[in-house]
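Reviewing the structure listed below.
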Number of protein chains: 2
Amino acid sequence: MRADAQRNYDKIVVAAAEVFTQRGMDAPLDEIATRAGVGPGTLYRHFATREDLIDAIVKSWMAQIDAAATEAVESEAPTREVLQKWFATYVARISRNRGGPSKFATAMGNPASPIYSKCEVLRLANDRVLNRLRDAGALRSDVNALEVCRLIGGVAVVADQAELADSDIASMLGVIVDGLLQN
Amino acid sequence: MRADAQRNYDKIVVAAAEVFTQRGMDAPLDEIATRAGVGPGTLYRHFATREDLIDAIVKSWMAQIDAAATEAVESEAPTREVLQKWFATYVARISRNRGGPSKFATAMGNPASPIYSKCEVLRLANDRVLNRLRDAGALRSDVNALEVCRLIGGVAVVADQAELADSDIASMLGVIVDGLLQN
DNA sequence: CAGTATACGGAGAGTTTCTCCGTTTAGCAA
DNA sequence: TTGCTAAACGGAGAAACTCTCCGTATACTG
């Protein structure tokens, strides 16, 4: 990539992160272009769709998700608490920008989506945590990581759209946690 | 209301139901106006916002929800099955049009929304079913109808956006059902 | 049947998305 | 250094959608 192209790419990603944080993931792309100091044409050449741009932004979130999953796997705390905390972190991470959870929910069902690869990261992180519980015989047997991603993703979407407080999210997650644990 | 105004109102509602079914609840309002054979100005005078129009459409769904709730309350079947069936019906009803579940999820947290009154109907229907279970001592105590609306609404949003099959929806609902039932 | 309040509808302004294409520039080779 | 060329730029503008204004038309009333 030419040096000027790389510079513009970086400027766009920085601007997009700012604008998405302030105005949500449905913010006008032209505003991002303006903030980055490039023309709309340049933005659209680097990122053909909104999803391509989101993909670039979201990349950095995944390391944090993985770290949280690792912490959950290695935790000595009681199963129920581990799961509750992991889900709360999961929701918080994918809800960083308004409209974000909805983007993940859509991409989760669509392998053609540019951010589908990020959904795979989410699924695998969940899988690691669930396996830890499965090994301990704590998990119901008829559930897989994808379904859990959807369930927790559903909570995140609703929480995002209705602007729920953390305590409301926690109590919804509590129901799912109990539903997942073998009794 | 003047007779011609009433005629146009009705034509718009009919056209909106058709267009929403075919193209989802984010379909262009101008297309609805065209289909109804009225100008955009007329549509916007009758329905100041998209939500006002959705409100008119959704009104007829609520009777069906109530009927399903009554059936659930009066059912002799095992608790678990009653709840599972009720939730499946609930999801199906609010998912009649693409984008519908998301509209409900947003309105559920916003008393200023024109369709908030419909969310209340949903909540009360859920409350009736939950009370039946509570009386039987089958329900966990720290949950209310609003939270259940959100949980099931989350499943509906994800299912709608990812175009999930009924069997996928059923297994997600199964986790929530188990989480809600007293063990 | 005339007068008036009400409703109609379409032109058009404002927004956002996305593209086309003439202009500019980075990187390279002589 | 200079000149060439492929790559990148950016803005004008088309297209899609939302929403309003206001001159025109029409339903009701007396």
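Below, chains carry the letters A, B, ... as their sequence lines are ordered, and counting in each starts from 1. Note that this is a predicted model, so its numbers are computed, not measured. Computation of the quantities below employed the complete heavy-atom set of this structure, encompassing side-chain atoms and omitting hydrogens, waters and symmetry-equivalent molecules.
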Asp52(B) atom CG is separated from dT18(D) atom P, nearest whole Å, by 15 Å
To the nearest angstrom, the CD1-P distance between Ile12(A) and dA8(D) comes to 12 Å
Determine whether Glu74(B) and Arg132(B) make a side-chain contact, defined as any pair of heavy atoms from C-beta on separated by less than 4.5 Å. no
- Using the ring of each side chain (for Trp, its six-membered ring), is Trp61(A) parallel, tilted or perpendicular to Phe104(A), with breaks at 30° and 60°? tilted
Separation of dC19(D) atom C1' from Glu51(B) atom CD, nearest Å, is 16 Å
Item checked: In one Ile/Leu/Val/Met/Phe/Trp/Tyr side-chain cluster, 4.5 Å: Leu146(A), Leu173(A) -> yes
- Heavy atoms, side chains only, cut-off 4.5 Å: are Ser102(B) and Met25(B) in contact? no
Between Thr49(B) and Gly37(A), the residue closer to the 5' end of DNA chain D by nearest nucleotide is Gly37(A)
Practice problem: Could you tell me whether the side chains of Arg128(A) and Thr70(A) share a donor-acceptor contact shorter than 3.5 Å? | Solution: yes
message = Salt bridge or not between Glu147(A) and Arg150(A)? Use side-chain N to carboxylate O under 4.0 Å.
response = no
Salt bridge (charged side-chain N to carboxylate O under 4.0 Å, His left out) filter on Asp142(B), not counting sequence neighbours, yields Arg140(B)
Contact string for nucleotides 23-30 of chain D, one letter per nucleotide 5' to 3', B = base within protein heavy-atom range under 4.0 Å, S = sugar-phosphate only, - = neither, reads ---BSS--
Heavy-atom side-chain contact between Asn131(A) and Arg134(A) under 4.5 Å
yes
Separation of dT20(D) atom P from Leu29(B) atom CG, nearest Å, is 12 Å
Asp30(B) atom CG is separated from dG9(C) atom P, nearest whole Å, by 14 Å
Residues in residues 39-47 of chain A with a heavy atom under 4.0 Å of DNA chain D, by number, are Gly39(A), Pro40(A), Gly41(A), Thr42(A), Arg45(A), His46(A)
Of Ala48(A) and Val38(B), the one whose closest nucleotide on DNA chain C sits nearer the 5' end is Val38(B)
*asked:* Tell me whether Lys85(B) at atom NZ has more than 12 heavy atoms from other residues, nucleotides or ligands lying less than 6.0 Å away.
replied: no
Separation of dT16(C) atom P from Glu31(A) atom CD, nearest Å, is 8 Å
query: Between dA8(D) and Asn8(A), is there an OP1 or OP2 to side-chain N/O distance shorter than 4.0 Å?
result: no
